[in-house]
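Contents: one structure, followed by commentary.
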Amino acid sequence: MTAVLIIEDDPAIRTAIIRTLGASGHVVTSAATGIAGLTSAVDDNPDVVVLDLGLPDIDGLRVLSMVRAVSQVPVIVATARDDERVIVRALDAGADDYLVKPFGGEQLEARIRAVLRRVAPNAPVLPIIVRDLVVNPITREVTLAGSSIELSRKEFDLLHLLAQRVGEVVTKREILAEVWRQGYGGGDRTVDVHLSWLRRKLGETAAQPVYIHSVRGVGVRLVDPARSA
Ligand code: CA
């Protein structure tokens, strides 16, 4: 259970976020202005703050600086401005991550999980459970509907990376960087081959995906098949 503070002046967006996060068992408080948000960030001690940058009373970047002056709480900024400079300024001002509107609930939840992992690296490592798929990073075991799946080291690392970011598109470049420790350029074929082996072991194909869905020209994402159906 995570306590999330939403600072957002648009009532439709605020309501949608509260509904989505509430349905996932998060405790959500919300504020419609920068001032109210600052007060809540201090008084309600949230685990994570989702901060809209376009607020009616104070600029979101100033709210961020003021929160940072008094708290280390992870802050995810949400911006309608698909403006790289604004995003860079927010990250420099202490934002932990950002979302460009419009964004889906699954992506928001994935980013919340990601920032919480980064601030709590010593938290107990738990198996990741996505419907019938269980990925255990300690034992490096994978089960699907209770049956053990034998994976090579790289296949496991690949599946673990995707499962950690369930619902989120992971680019091949990110996969190469995380699983193969390679930087830019080349190597897409390596990823494709391992994805194909992984899919076969999970009993699915690229043409008929269940958990692992390719997003053409972008990357791949692992989804909960019941939620994507
Ligand atoms: Ca706004």
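Keep in mind that the numbers below use all heavy atoms, side chains included, and drop hydrogens, waters and symmetry copies. Numbering of ligands and ligand atoms starts at 1, following listing order. These numbers come from a predicted model, not from an experiment.
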| task | For the pair His160 and Phe156, name the ring-plane relationship: parallel under 30°, tilted 30 to 60°, perpendicular over 60°. | result | parallel
| task | Show the numbers, then the answer: is there a salt bridge (charged side-chain N to carboxylate O under 4.0 Å, His left out) between Asp96 and Arg68? | result | CA-CA 11 Å; Asp96 296 88; Arg68 271 291 159 268; 2.9 Å; yes
| query | After noting the C-alpha distance and the side-chain angles of Val100 and Ile87, does the key distance pass the side chain to side chain contact (heavy atoms under 4.5 Å, CB included) rule? | reply | CA-CA 9 Å; Val100 175; Ile87 292 165; 4.0 Å; yes
| message | Return all protein N, O or S atoms below 3.0 Å from the Ca ion (ligand 1), chain by chain in residue order. | response | Asp9 OD1, Asp52 OD2, Gly54 O
| said: Counting C-beta onward and ignoring hydrogens, is there a side-chain heavy-atom pair between Ile7 and Leu38 closer than 4.5 Å? | reply: no
| request: Ignoring hydrogens and angles, tell me if any N or O in the side chain of Thr15 forms a donor-acceptor pair with the backbone of Pro11 under 3.5 Å. | output: yes
| From Asp57 CG over to Ile35 CD1, what is the distance, rounded to the nearest 0.5 angstrom? | 5.5 Å
